[in-house]
Amino acid sequence: MKSYDHSAIEKKWQDKWEKDELYHTPDAAEGKENRYVLVEFPYPSGDLHIGHWYAFAVPDIYARYLTMLGHNVLYPIGFDSFGLPAENAAIKRGLDPRKWTYDNIDTMSEQLKSMGNTFDWSRKVVTSDPEYYKWTQWLFLQLFAREIAYKKLCTVNWCDSCKTVLANEQIVNGECERCGGAIAKKVLDQWYFWITKYADRLLEDLDELDWPQEIKDAQREWIGKSNGAALTFAVKDADDAIEVFTTRPDTLYGATYMVLAPEHPYVAKWKDRILNWDEVDAYMQATTRKKELDRKEAKEKTGVELKGVMAINPATKEEIPIWIADYVLATYGTGAVMAVPAHDERDFAFAQTFGLPIREVVREVVGTPLPDAHNTDAVFGVVRKKGSKKILVQYNPLTKLYRLPGGTIEKSDADERETLAREIHEEVGLEGVTVGDYVAQVYAHFSPPQKDENWTRTVSLYEVDATDAKEVATQRTKDEEQLEHMWLTPDEAVRKFDQNPVEYGEGALLKRYVQNTCFTGAGETINSGDFSGQKTEEAKTAITEHVGGELTVQYRLRDWLLSRQRYWGCPIPIVYDPEGKAHPVPDEHLPWTLPDDVDFTPTGEAPLAKSNELKERTEKLFGKGWTPEVDTMDTFVDSSWYFLRYLDPHNDTEFSPKDKQEKWMPVDRYSGGAEHTTMHLLYSRFFHKALFDLGLVTSKEPYSTRMSRGLILGPDGAKMSKSKGNVINPDEHVARVGADTVKMYLAFIGPFNEVGQYPWDLGGIAGIRRFLERVWGLQDAVSDVLDSDEIQLLVHQTVQKVGDDVAAFKFNTAISATMILVNALEKEDAVSKQTYETLVCILAPFAPHQTEELWQRLGHETSIHLEDWPSYDEQRIAQASVTIAVQVNGKTRGTFTAAPDSDKEELIAAAKALDNVASHLEGVSIKREIVVPDRLINFVVI
RNA sequence: GCCCGGGUGGUGGAACUGGUAGACACGCGAGACUUAAAAUUUCGUGACCGAAAGGUCGUGCGGGUUCAAUUCCCGCCCCGGGCACCA
């Protein structure tokens with residue numbers, strides 16, 4: 001046997017495969033179903049790193065497995081080759097971005113080929129090729145014709161270091177997603193895609209997709225749908241009306257003031273009416289200076305009242321003040337809110353800071369209604385003394401209940417305050433307390449412990465000052481005789497109430513009081529005129545209708561800003577007439593090529609504006625005074641449809657013919673990075689839906705299954721980056737141990753379809769190399785023998801396990817199963833040719849070069865990659881003997897083997913016969929015998 | 001704060017539907033081969049007790065359900081990701 005010379009083998013077969021066009025994928029193959037396996041195509045940054053290997057070589061295992069199962073599998077590759085790095089490298093090193101990009105594509109193509117994947121290179125797609133971007137432009141124009149691409153003047157996010165605008169999705173924690181640079185606001189006339197029109201469909205269609213829950217959740221959150229109402233507040237002595245969006249129209253009666261975003265147009269409009277303009281103006285200036293990030297992190301509420309302007313609450317008809325505050329964002333909803341401090345955390349905090357009125361209009365309902373309940377009202381107090389934080393709490397050792405002092409309101413009481421003062425006097429013997437502010441109420445249903453009765457009551461809470469109270473004798477009723485009273489810190493008190501076996505309502509109120517929060521949940525309306533006593537859900541509709549509002553929906557999602565003030569991108573195929581109106585570049589002039597005569601040093605102005613060629617081209621074609629659009633497209637436009645182009649990459653008359661789409665789309669498995677969840681993945685879904693509406697694509701969704709792959713970290717456990725110097729270059733490892741080993745090691749490291757993080761560990765790779773050497777060495781053991789029953793069974797089991805695991809992208813456990821088989825085969829003196837061939841076949845997707853070589857050595861003249869996946873005998877696996885564990889009281893005391901489906905009594909007898917089991921059963925009596933078929937017996941003894 | 005993941009030996013990770021926790025691999029230790037080292041190979045390797053047989057403990061922490069819990073339930077802690085003054 002020759003030793004395993006990976007470099008000779010890998011070179012030999014890569015050349016042969018290319019010559020034979022082994023991985024050329026036809027659009028259809030006789031008797032085979034099509035499968036489309038997609039991985040996110042790379043940006044040609046220069047060198048391939050180990051992460052690329054992980055992304056491209058490992059899913060190849062799956063593609064090869066599907067092929068062996070008899071499918072016609074498309075596993076394409078291309079380059080997402082427009083984008084900033086080319087331009088930045090060009091600026092830094094004085095290179096041509098086109099040359100830089102295409103040189104990198106050449107280098108990376110060679111590196112990608114060294115993986116030995118089943119990529120069909122004849123279908124390669126390069127987004128910066130005019131033959132590709134011609135169709136990007138054509139698609140843009142289709143969307144322009146339907147007004148899904150439109151231009152508008154708007155405040156945009158500007159990255160000062162990238163010198164371009166960015167879409168919302170490209171801002172992470174208030175910084176540029178690409179460079180981490182600061183984001184400024186600018187008002188610019190820019191191109192957008194009307195993605196918000198598709199918000200609902202992007203949301204709803206997620207339900208049908210076989211995608212991981214976390215990706216669906218993240219997209220749902222990003223779209224951020226909220227149901228509510230649009231309400232209008234009239235402004236006193238003015239024609240203006242303030243539109244607000246609220247998710248809580250049921251709390252309208254509690255709207256005691258309004259807040260506008262400082263940027264709201266009314267603020268400037270009312271300049272002459274506002275009495276404290278200087279103050280307002282100063283606040284507006286301060287807000288402009290504050291970064292978005294600061295506004296988010298600021299906890300303390302700030303704001304200024306617009307004095308001299310009042311709004312009218314449409315429900316109560318009361319005049320309410322209008323404030324401006326930076327907690328209201330200009331970019332969400334209408335940039336104005338109705339403030340309901342009793343039922344919104346932010347309004348609550350704001351009202352407390354500025355002493356604005358808080359009106360409770362919803363009460364919490366505690367417990368569920370019980371039959372034949374006594375109906376009463378009760379009042380309780382948070383009793384404190386000045387200078388102490390402690391709260392007076394009563395404990396009843398018989399019922400094990402902590403209670404606040406207070407009680408039922410009697411008919412003879414003048415009001416709640418009097419009731420409370422009286423109860424405190426009687427129960428705890430404090431005379432002369434001052435009942436202070438009302439806090440809140442709840443509606444409670446409960447059943448007191450040790451009593452056969454039900455209660456329903458309104459429970460109100462007041463602050464009580466006992467500083468000047470005198471201690472006197474208590475006048476307790478029989479029920480109250482056991483009460484102990486104690487002073488507890490607020491936190492202790494809350495904890496005690498949490499332990500109460502029954503919630504009387506005071507606990508919920510006390511907790512809210514101690515934590516200084518308001519009630520933001522659903523409940524029952526109060527203090528709401530005719531609408532009092534309704535469930536909040538019902539009141540939402542009723543109150544909205546009553547004030548002439550409208551139930552509406554708001555989204556967090558913003559339209560997709562696609563203009564970029566950079567050079568190396570797809571030109572937007574739009575020209576402007578002398579009046580400045582936008583016109584599409586007619587199809588016959590596509591591709592609308594990217595000019596070469598451009599100084600692309602970023603200045604903030606689009607580089608294409610400096611191209612004379614583009615200017616002249618435009619005037620020549622359209623006439624004097626016509627000007628070209630000079631912005632280029634966001635590269636996420638290029639990547640929103642590339643998977644459609646793979647189907648027919650060189651088609652000159654169609655972007656992607658529908659008959660081919662019908663053969664391949666939607667993509668069966670799409671694997672990529674988790675960072676694209678709310679970028680590429682969302683954009684391309686939108687784009688696809690827009691094309692679907694135009695009748696250009698055949699499926700509503702582009703990808704039926706999506707998986708997020710894990711991340712390969714540097715050896716130091718940190719994310720690989722050139723600046724950290726922890727980037728692993730795969731080439732040297734491929735040269736040293738071979739492509740098959742590198743690929744298999746990456747597959748072995750952990751489950752592929754989970755968002756894990758794997759530090760690159762050189763040690764581990766040796767184990768895989770050793771394994772492949774042992775597989776190689778086993779060829780010497782092949783001879784004309786009949787394998788033992790055990791070996792034959794193991795082969796069947798392994799074929800089954802490997803297939804199942806690969807189908808589930810659990811390559812790690814699939815490899816482990818082949819290792820178990822190899823370990824067993826090595827212990828044999830000889831291995832049958834049939835068994836060895838089966839082993840080589842199931843390893844073919846993992847180690848395509850080595851297995852191809854072995855296949856040839858075994859005497860085959862055709863490629864192993866044209867072989868069928870080995871079959872296995874299910875019957876035989878099912879009949880294999882099973883190991884039964886024997887437990888005594890749940891502790892395993894031994895095992896034995898038995899035939900599957902053995903008789904219960906026989907199994908029990910066999911179990912009892914085990915020495916160690918027998919010794920544990922001695923002197924005790926068996927209470928129960930639990931038999932789990934084919935698995936386990938448990939003797940429960942006493 | 002809200003919404004998702006996750007926490008298992010020295011390490012990466014395994015464990016069907018609740019049924020022998022730690023498969024497989026790395027690393028480590030001891031032995032063989034070798035003048036030696038590497039490579040290869042044999043054995044061992046969760047912790048503790050024990051010569052062994054075997055026993056006790058053990059899947060982030062605390063409770064619970066169950067004959068039986070990494071798996072289910074309740075309450076926490078920590079890590080990763082998403083969203084976030086979103087009205």
Side-chain angles (χ1 to χ4, degrees), chain A residues 172-173 212-226 228-229 244-248 251 258-259 261 295-301 325-329 331-340 343-347 349-350 498 517 554-557 674-675 677-678 708 711 745 748-751 754-768 770-771 773-774 777 804 810 812-820 822-823 826 883-895 915-916 919-920 927-941:
Chain A
V172 178
N173 295 327
Q213 198 56 42
E214 62 268 21
I215 299 184
K216 293 188 184 186
D217 287 343
Q219 287 210 350
R220 285 195 183 105
E221 259 169 35
W222 186 263
I223 295 166
K225 180 177 183 170
S226 49
V244 300
F245 172 75
T246 176
T247 55
R248 295 297 302 273
T251 63
M258 299 194 80
V259 188
R295 279 177 76 164
K296 271 181 197 162
E297 280 167 1
K299 282 173 214 109
E300 265 125 63
K301 295 278 182 291
D326 63 8
Y327 83 89
V328 173
L329 305 176
T331 50
Y332 184 79
T334 60
V337 301
M338 65 178 214
V340 184
H343 304 293
D344 180 279
E345 299 279 0
R346 296 149 301 172
D347 298 341
F350 192 80
D498 275 344
T517 55
Q554 272 291 325
Y555 300 94
R556 210 192 73 89
L557 185 72
E675 69 276 17
T677 299
T678 53
S708 289
L711 194 65
Y745 171 61
F748 188 58
I749 210 164
E754 286 173 22
V755 194
Q757 304 205 326
Y758 306 105
W760 177 256
D761 170 23
L762 263 185
I765 205 166
I768 295 291
R770 270 202 283 274
F771 172 69
E773 279 171 7
R774 287 161 63 202
D804 290 352
K810 290 181 178 173
N812 54 336
T813 48
I815 292 170
S816 132
T818 63
M819 286 172 166
I820 291 168
V822 168
N823 288 348
E826 276 191 332
T883 306
I884 311 274
V886 185
Q887 298 183 332
V888 177
N889 275 353
K891 291 201 162 81
T892 305
R893 299 301 181 185
T895 62
D915 285 352
N916 197 37
S919 70
H920 278 92
K927 215 171 76 182
R928 261 177 90 180
E929 289 166 343
I930 288 152
V931 180
V932 182
D934 296 347
R935 282 195 188 279
L936 165 143
I937 293 167
N938 189 11
F939 296 108
V940 183
V941 303

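Quick note on labels: first sequence line is chain A, next is B, and so on, each numbered from 1.
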For [X] and [Y], which heavy atoms make the closest approach, and how far apart are they?
X: A:A261; Y: A:L329; result: CB-C, 3.9 Å
X: A:A885; Y: A:T892; result: CB-CG2, 4.4 Å
X: A:W760; Y: A:I765; result: CH2-CD1, 4.0 Å

Discussion item. Taking the nucleotide of RNA chain B with the nearest heavy atom to each, does A:I815 or A:A885 sit closer to the 5' end?
Written reply: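 Checking each residue's closest nucleotide, the 5'-ward one belongs to A:A885.
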Worksheet entry | Of A:M338 and A:I884, the one whose closest RNA chain B nucleotide lies more 5' |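 Taking each residue's closest nucleotide, the earlier one in sequence belongs to A:I884.
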Item to complete: Report yes or no: do A:N938 and A:R928 form a side-chain donor-acceptor pair below 3.5 Å?
Response: no
Partner nucleotide, any strand, of [N] [Watson-Crick/G-U, under 3.5 Å]:
N: B:C43; answer: B:G29
N: B:C2; answer: B:G82
N: B:U70; answer: none
N: B:G12; answer: B:C24
N: B:U65; answer: none
N: B:U35; answer: none
N: B:U59; answer: none

Counting C-beta onward and ignoring hydrogens, is there a side-chain heavy-atom pair between [X] and [Y] closer than 4.5 Å?
X: A:T517; Y: A:E345; value: yes
X: A:F748; Y: A:F771; value: no
X: A:T334; Y: A:Y332; value: no
X: A:T251; Y: A:M338; value: yes
X: A:L936; Y: A:Q887; value: yes
X: A:F939; Y: A:I930; value: no

For [X], answer base if it contacts any base atom (sugar-phosphate contacts may also be present), sugar-phosphate if it contacts only those atoms, and nothing otherwise; contact means non-hydrogen atoms under 4.0 Å.
X: A:T677; result: nothing
X: A:D347; result: nothing
X: A:T247; result: sugar-phosphate
X: A:G224; result: nothing

Quantified in whole Å, what is the [atom1] atom distance between nucleotide [N] and nucleotide [M]?
N: B:A15; M: B:U8; atom1: C1'; value: 10 Å
N: B:C72; M: B:U65; atom1: C1'; value: 8 Å
N: B:A25; M: B:G9; atom1: C1'; value: 14 Å
N: B:C26; M: B:G58; atom1: P; value: 31 Å
N: B:A47; M: B:G10; atom1: C1'; value: 13 Å
N: B:A14; M: B:G7; atom1: C1'; value: 16 Å
N: B:G18; M: B:U70; atom1: P; value: 13 Å
N: B:A38; M: B:A32; atom1: P; value: 14 Å

In whole angstroms, how far is the [atom2] atom of [N] from the [atom1] atom of [X]?
X: A:N823; N: B:U42; atom1: CG; atom2: C1'; answer: 14 Å
X: A:R774; N: B:C24; atom1: CZ; atom2: C1'; answer: 11 Å
X: A:K301; N: B:C85; atom1: NZ; atom2: P; answer: 10 Å
X: A:I820; N: B:G22; atom1: CD1; atom2: P; answer: 13 Å
X: A:Y745; N: B:C24; atom1: OH; atom2: C1'; answer: 14 Å
X: A:E773; N: B:U40; atom1: CD; atom2: P; answer: 7 Å
X: A:I768; N: B:C24; atom1: CD1; atom2: P; answer: 14 Å
X: A:F771; N: B:U41; atom1: CZ; atom2: P; answer: 13 Å

Item to complete: Could you classify B:G9 for me, syn or anti, using a glycosidic angle within 90° of 0 as syn?
Response: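 Base orientation relative to the sugar is syn.
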Does a side-chain N or O of [X] approach OP1 or OP2 of [N] to a distance below 4.0 Å, or not?
X: A:S226; N: B:A87; result: yes
X: A:R346; N: B:G1; result: no
X: A:R770; N: B:A39; result: no

If I take atom [atom1] from residue [X] and atom [atom2] from residue [Y], how far apart are they, to the nearest 0.5 angstrom?
X: A:D347; Y: A:M258; atom1: CG; atom2: CE; result: 10.5 Å
X: A:N823; Y: A:R774; atom1: CG; atom2: CZ; result: 4.5 Å
X: A:N916; Y: A:R893; atom1: CG; atom2: CZ; result: 6.5 Å

Practice prompt. Please tell me which of the listed nucleotides, B:C86, B:C4, B:A25, lies nearest to the side chain of A:L329?
Written response: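 Closest nucleotide among those given: B:C86.
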Give me the distances for all protein-to-nucleotides 46-57 of chain B N/O pairs that come in under 3.5 Å?
unit_1 : atom_1 : unit_2 : atom_2 : d
B:G55  : OP1    : A:R893 : NH1    : 2.7
B:G55  : OP1    : A:N916 : ND2    : 3.3
B:U56  : OP1    : A:R893 : NH2    : 3.4
B:U56  : OP2    : A:R893 : NH1    : 3.2

Report, one pair per line, the protein and nucleotides 65-68 of chain B atoms (nitrogen or oxygen only) whose separation is under 3.5 Å.
unit_1 : atom_1 : unit_2 : atom_2 : d
B:C67  : OP1    : A:R928 : NH1    : 3.1
B:C67  : O2'    : A:N938 : ND2    : 3.3
B:C67  : O2     : A:N938 : ND2    : 2.6

Worksheet item: Hey, would you say the A:W222 and A:Y555 ring centroids sit under 6.0 Å apart?
Response: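 Judged by ring-centre distance (under 6.0 Å), A:W222 and A:Y555 do not meet the cut-off.
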Worksheet entry | From CA spacing to verdict: side chain to side chain contact (heavy atoms under 4.5 Å, CB included), A:Q219, A:T677 | CA-CA 7 Å; A:Q219 287 210 350; A:T677 299; 4.2 Å; yes
Shorter than 3.5 Å, N or O on both sides, protein versus nucleotides 5-15 of chain B: list them out with atom names.
unit_1 : atom_1 : unit_2 : atom_2 : d
B:G12  : O2'    : A:I749 : O      : 2.6
B:G13  : O3'    : A:N812 : ND2    : 3.4
B:A14  : OP1    : A:N812 : ND2    : 3.1

